[in-house]
Engineer: 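To start, I am sharing the structure in question, which I have written as structure tokens.
Remember, it's a predicted structure, so these values are computed and weren't measured experimentally. The sequence lines fix the lettering, A, B, ..., with proteins before strands; numbering per chain opens at 1.
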Number of protein chains: 2
Amino acid sequence: MGTTEDGGDAEEAGAGVGAGLGAVPGAGLGAGAGEGAAEGASARLLKLFESHRLTPTQRRIAHCLVRRSADAPFLSSVEVAELAGVSQPSVTRFAVALGFDGYPALRRHLREVAPVRPGPEAAPYNEYQQAVHAEIENLRHLAALLADPAPVARAGAVLAASRPLPVLGLRAAGAQARGFAYFAAKVHPDVRLLDEGGTMFADRVDGAVRAGASALLCFALPRHPREVVEALTYARHAGLTVVTVADSAFAPVAACSDLLLPAAVGTGLAFDTACAPMLLGRVLLESMCDHLPDAQASLEEFDARAAARGLFTD
Amino acid sequence: MGTTEDGGDAEEAGAGVGAGLGAVPGAGLGAGAGEGAAEGASARLLKLFESHRLTPTQRRIAHCLVRRSADAPFLSSVEVAELAGVSQPSVTRFAVALGFDGYPALRRHLREVAPVRPGPEAAPYNEYQQAVHAEIENLRHLAALLADPAPVARAGAVLAASRPLPVLGLRAAGAQARGFAYFAAKVHPDVRLLDEGGTMFADRVDGAVRAGASALLCFALPRHPREVVEALTYARHAGLTVVTVADSAFAPVAACSDLLLPAAVGTGLAFDTACAPMLLGRVLLESMCDHLPDAQASLEEFDARAAARGLFTD
DNA sequence: TTGACTCTGCATGAATCCATGCAGCATTGG
DNA sequence: CCAATGCTGCATGGATTCATGCAGAGTCAA
């Protein structure tokens with residue numbers, strides 16, 4: 001068991017503190033595109049470390065903390081010791097040497113200085129701005145989700161193949177369904193908006209199925225009406241493939257959907273904001289267009305007619 | 001059950017879990033920030049959670065883990081419990097429910113699935129992601145605009161004072177108007193949605209004015225129908241104060257609006273995305289609530305009735 | 001060479017974290 | 001209406017992590 005790794009230790013022994021650490025952030029974190037916060041934190045860490053006289057082992061620990069500044073603030077002293085190739089007590093002594101009460105205190109400090117998640121950099125945002133930023137965060141999640149376009153592509157293919165295409169959205173989600181249907185109708189020959197529940201819903205689903213529908217798109221946003229679950233259940237029994245855009249993968253409609261695409265809603269205001277679901281709907285529409293060969297032609301024809309009628313001001 | 005987690009075999013206990021883990025590639029990265037890499041894994045996390053039946057508390061934990069996917073893999077069960085607002089044993093039970101041998105095993109799994117270690121990426125965004133980031137930029141502009149809430153406050157006061165309150169949105173903007181009207185009706189006694197133009201529009205404006213309307217809210221998005229300009233002109237001549245949410249301060253409707261609030265639309269996809277206008281609409285609604293003393297009571301009454309009717313699943 | 005000094009890992013008590021039995025509460029079905 | 005079931009938080013024993021005393025090794029100066 002490697003009790004001592006003096007060989008590895010020696011390589012750093014000669015390096016000055018400032019030099020040895022100063023080279024780190026550029027090499028380790030510079031690649032990360034927008035991680036300015038962490039880099040700034042690294043600079044602060046370096047200041048913290050440089051102002052103390054550190055032993056070779058401690059320098060090694062510091063080096064490790066800077067290099068792994070992303071996750072180091074969450075590791076235990078044992079884990080840091082393993083990563084740095086030192087003993088666990090050395091990590092504790094390192095923390096004490098820097099003036100902390102112990103390793104947990106150092107870790108707390110690292111979490112505050114190098115916030116992985118938020119930027120509590122003096123944010124006097126008002127209520128509205130906070131809501132907007134919360135939605136930005138939701139969109140970030142959506143963007144990350146779209147890194148893999150396969151689910152969207154599958155959904156687009158399924159929806160494009162359905163003639164007619166029923167689009168369901170009840171209550172709060174009605175507006176989303178309507179927005180989708182408005183644009184979808186420009187490229188799809190038969191979009192049927194289902195924004196009312198009740199007994200008529202089954203009739204219209206039956207009608208769509210008789211007309212040849214094979215899939216249904218559902219927007220499901222909180223608060224989730226019980227009716228939506230019933231509607232989807234009916235649609236599936238009628239033989240439709242259900243594609244759902246929901247606020248969460250754990251939404252009540254998940255169980256009665258064949259393909260669920262999550263997009264969080266914003267809850268920072270009195271009423272929910274559905275930016276991400278709307279955007280996801282448009283993305284879905286784009287994907288549908290890829291499976292509708294006549295889409296481009298339809299759009300151009302619409303433009304021509306609109307121009308002829310003087311429909312728009314531009 | 002393994003006494004120590006260093007066995008390395010503990011986290012493979014669950015069959016389905018192991019499968020989900022095996023599909024982890026090291027390349028799937030999306031967002032620019034360091035946490036983006038971790039978020040890219042949130043899709044895989046969702047898959048993991050989806051395949052299990054979860055209790056409400058467990059869903060909260062899952063939500064928390066997804067939302068904080070950057071640092072959650074390094075938190076203790078106590079910390080996760082605090083973030084999720086549940087008890088610590090619930091976190092342990094959550095891990096067991098997913099097929100792990102305990103919380104440490106789940107944490108190990110999360111660390112492997114969502115490596116914070118940001119790979120050397122020049123991750124080129126795909127088309128969808130570019131559109132999402134463009135909308136994020138729009139929201140940033142909106143947030144900057146909202147630094148001064150005075151215009152929104154003025155608009156909210158004007159709209160709240162109008163009984164009834166006509167809400168206009170034609171064609172593409174119809175969905176926005178509808179979404180606003182749906183929520184507004186919960187706090188305002190008489191919201192009238194005008195989402196159709198034609199000759200009926202003037203009739204309905206006249207009706208609203210006779211009923212006491214003093215203001216009108218208009219959503220104006222591209223492409224701007226000529227009809228909207230005509231409608232607003234008519235509404236102003238009828239004595240209504242026109243508040244407009246438009247995609248630009250230079251929109252064609254600017255000339256016939258008393259108060260114009262700009263919110264850009266996204267044009268990165270085949271069809272426009274109106275995240276910022278939607279958000280601005282909700283902000284406007286929030287501001288309206290501040291001028292409607294009965295708003296809170298109305299909402300609570302609605303909640304009570306909805307609960308009595310079993311309208312929603314939650 | 002020798003002595004003093006410093007540094008480091010090992011071992012062990014203290015503190016914290018994790019897992020499980022138990023009781024209270026809500027929901028469902030009869 | 002009641003019983004049964006499942007879910008959740010509280011309390012507690014076991015396991016892990018942290019902090020500190022101790023001894024060996026290296027360094028430097030006399």
Side-chain angles (χ1 to χ4, degrees), chain A residues 1-14 17 52-62 64 72-111 226 250 252, chain B residues 1-8 10-11 13 52-64 72-111 307-308 310 312-314:
Chain A
M1 49 189 70
T3 53
T4 63
E5 306 178 14
D6 299 335
D9 184 21
E11 84 195 21
E12 287 207 346
V17 175
H52 293 79
R53 180 188 180 82
L54 297 179
T55 70
T57 295
Q58 290 171 341
R59 210 176 303 132
R60 225 172 146 171
I61 298 170
C64 175
F74 303 96
L75 301 176
S76 70
S77 67
V78 178
E79 291 165 320
V80 171
E82 288 177 356
L83 284 173
V86 302
S87 70
Q88 174 267 322
S90 292
V91 177
T92 291
R93 292 192 185 104
F94 172 77
V96 174
L98 261 53
F100 296 97
D101 281 346
Y103 176 73
L106 168 61
R107 185 170 52 187
R108 243 194 328 276
H109 178 80
L110 292 177
R111 288 187 189 184
R226 199 174 296 278
F250 313 107
Chain B
M1 177 175 302
T3 53
T4 62
E5 57 175 315
D6 54 291
E11 72 270 11
H52 294 78
R53 181 202 171 91
L54 297 179
T55 69
T57 296
Q58 290 170 341
R59 264 196 295 276
R60 286 183 71 174
I61 298 170
H63 265 131
C64 179
F74 302 95
L75 301 177
S76 70
S77 68
V78 178
E79 292 166 318
V80 171
E82 287 176 356
L83 285 174
V86 302
S87 69
Q88 175 267 322
S90 291
V91 177
T92 290
R93 294 192 185 103
F94 172 76
V96 174
L98 261 54
F100 296 96
D101 278 354
Y103 176 73
L106 168 61
R107 187 170 52 187
R108 283 176 65 89
H109 174 83
L110 292 177
R111 289 187 189 183
F312 301 115
T313 60
D314 40 66

Engineer: Rounding to a whole Å, what distance do you find between B:F100:CZ and C:dA19:P?
Structural biologist: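 To the nearest whole Å, that distance equals 12 Å.
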Engineer: Return the value, rounded to whole Å, for the distance between atom CG of A:D101 and atom C1' of C:dA14.
Structural biologist: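 Answer to the nearest Å: 16 Å.
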Engineer: Without decimals, in angstroms, what is the distance between B:L106 CG and C:dA19 C1'?
Structural biologist: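 That distance rounds to 14 Å.
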Engineer: Mind checking A:R107 for me? I need base, sugar-phosphate or nothing, with any heavy atom below 4.0 Å counting as a touch.
Structural biologist: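 The answer is sugar-phosphate, as A:R107 gets under 4.0 Å only of primed atoms, P, OP1 or OP2.
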Engineer: For A:E79 and C:dT16, give me the distance from atom CD to atom C1', rounded to whole Å.
Structural biologist: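 Interatomic distance, CD of A:E79 to C1' of C:dT16: 15 Å.
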Engineer: Of the nucleotides D:dT8, D:dC18, C:dT8, which has the atom closest to the A:T57 side chain?
Structural biologist: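 My answer, after comparing the listed nucleotides, is C:dT8.
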Engineer: Is any side-chain heavy atom of A:Y103 closer than 4.5 Å to a side-chain heavy atom of A:V80?
Structural biologist: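 Yes - at least one pair of side-chain heavy atoms lies under 4.5 Å apart.
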Engineer: Let me know the distance between CD of B:Q58 and C1' of D:dG6, rounded to the nearest Å.
Structural biologist: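 Taking atom C1' of D:dG6 as the reference, CD of B:Q58 is at 11 Å.
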Engineer: Closest heavy-atom contact between B:R111 and A:F74?
Structural biologist: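 Minimum heavy-atom separation between B:R111 and A:F74: NH2-O, 4.3 Å.
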Engineer: Polar pairs (N or O, both sides) under 3.5 Å between protein and nucleotides 22-24 of chain D?
Structural biologist:
none

Engineer: Can you tell me how far CZ of A:F100 sits from CZ of A:R108, rounded to the nearest 0.5 angstrom?
Structural biologist: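 So the gap between those two atoms works out to 9.5 Å.
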Engineer: Where do B:L110 and B:P73 come nearest, in terms of heavy atoms and distance?
Structural biologist: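 Where B:L110 meets B:P73 most closely, the heavy atoms are CB-CB, 3.8 Å.
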Engineer: According to the salt bridge (Lys or Arg N to Asp or Glu O under 4.0 Å) rule, which pairs have a member within residues 94-107 of chain A, sequence neighbours left out?
Structural biologist: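 Sorted pair list comes back empty.
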Engineer: So which of residues 84-92 of chain B are in contact with DNA chain D, with a heavy-atom cut-off of under 4.0 Å?
Structural biologist: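 Heavy-atom cutoff 4.0 Å gives B:V86, B:S87, B:P89, B:S90.
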Engineer: Could you tell me how far apart A:R108 (CZ) and C:dT16 (P) are, to the nearest whole angstrom?
Structural biologist: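 Spelled out: CZ on A:R108 to P on C:dT16 is 10 Å.
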Engineer: For the pair made of CZ in A:F74 and C1' in D:dT17, what is the distance, rounded to whole Å?
Structural biologist: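 For the pair A:F74 CZ and D:dT17 C1', the rounded distance is 18 Å.
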Engineer: Using distance only, find each side-chain donor-acceptor pair of residues 82-89 of chain A under 3.5 Å and give its atom names and separation, not counting sequence neighbours.
Structural biologist:
residue, atom, partner, partner atom, Å
A:S87, OG, A:S90, N, 3.4
A:S87, OG, A:S90, OG, 3.1
A:Q88, NE2, A:T92, OG1, 3.4

Engineer: In whole angstroms, how far is the C1' atom of C:dT16 from the CG atom of B:L75?
Structural biologist: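 To the nearest whole Å, that distance equals 15 Å.
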Engineer: Not counting sequence neighbours, list each pair that qualifies as a salt bridge (Lys or Arg N to Asp or Glu O under 4.0 Å) and has a residue in residues 88-97 of chain A.
Structural biologist: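 Qualifying pairs: none.
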